[in-house]
Amino acid sequence: MERLQKVLAQAGVASRRKSEQLILEGKVKVNGIVVTELGTKVTNSDRVEVEGVELVKEKFVYYLLYKPRGVLSTVHDDKGRKTVLDIFPEVEERIFPVGRLDYDTSGVIILTNDGDFSYLMTHPKFGIKKKYIAKVKGIPLRESLRKLERGIELEDGKTAPAHVKMQSVDKKSGTALVEITIHEGRNRQVRRMFDAIGCPVLKLRRESFAMLTTHGLNAGESRQLTTHEVKQLRVLAETGKIG
Ligand code: URA
């Protein structure tokens, strides 16, 4: 669901402000009915007309990028830092990253121009699982890992139950590799969870996003998702199961 004025602006009809004006002037129809309310939400299956001309819908595209470290997962940065779009091959569609990964986090990220799909993939109520491998300072106690698993109190509330597994311990350097699977996407969530047990994250990588992994890609490389994968992800969000 997108706001009508945003849909108009994205389709290149006019600026957001001018699109609002067109709506207020009664020049926009949704499924044959004049809509004058700003903020009316439409989906891709709604037919939108502006002054009698049907909007040409941009076709939806979906990509998986192996995000390297040192890149922002935004479309633009005011400070001129490199973003995922800077390292992405030129595409015609206005794609954006689905959710976010920190500047220093590497791994799977999806890029698309489909806002509804992005919502399904990121809202915690749809339960899409994201698995991370964290290299942490210190060797977490079993009880600390259990705390992460049950949910831990952060400043923005308790985290949802997670799946946590110790992968390996390096006693010499006093570090550990821990696998953690969550379905929420709060800001710097994994890092804050490990901070809360006194084992700060030294390195973080998103190993998988639902069934998607970086398999076959090097950092910085991308590929288009198959139609089947996109369908699987939708089904997974809508039913909690694949197929
Ligand atoms: N949690 C984090 O702390 N950072 C990320 O990039 C993703 C999840």
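Atoms within each ligand, like the ligands themselves, are counted from 1 in listed order.
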Asker: Distance-only, no hydrogens or angles: does the Lys18 side chain make a donor-acceptor pair with backbone N or O of Leu22 under 3.5 Å?
Answerer: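 No; judged by distance alone, with no hydrogens or angles, the pair does not exist.
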Asker: Side chains of Arg205 and Tyr66 only: does a donor on one sit below 3.5 Å from an acceptor on the other?
Answerer: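 Yes, a side-chain donor-acceptor pair sits under 3.5 Å.
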Asker: List of N/O pairs, ligand 1 versus protein, all under 3.5 Å?
Answerer:
from     : atom 1 : to     : atom 2 : distance (Å)
ligand 1 : 1 (N)  : Val190 : N      : 3.1
ligand 1 : 3 (O)  : Arg188 : O      : 3.3
ligand 1 : 3 (O)  : Gln189 : N      : 3.3
ligand 1 : 3 (O)  : Val190 : N      : 3.1
ligand 1 : 3 (O)  : Arg191 : N      : 2.9
ligand 1 : 4 (N)  : Asp102 : OD2    : 2.7
ligand 1 : 6 (O)  : Asp102 : N      : 2.7
ligand 1 : 6 (O)  : Asp102 : OD2    : 3.4
ligand 1 : 6 (O)  : Thr105 : OG1    : 2.9

Asker: Will you find, in the side chains of Asp170 and Ser173, an N or O donor that is under 3.5 Å from an N or O acceptor?
Answerer: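 Yes.
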Asker: Can you confirm if the aromatic rings of Phe117 and Phe60 lie within a centre distance of less than 6.0 Å?
Answerer: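 No; Phe117 has its ring centre 6.0 Å or more from that of Phe60.
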Asker: Do Thr105 and Arg191 have a side chain donor and acceptor closer than 3.5 Å?
Answerer: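 Thr105 vs Arg191: donor-acceptor pair found between side chains.
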Asker: Please indicate whether Glu37 has more than 12 foreign heavy atoms, meaning atoms of other residues, nucleotides or ligands, lying under 6.0 Å from its CD.
Answerer: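 Counting other residues, nucleotides and ligands, CD of Glu37 stays at 12 neighbours or fewer.
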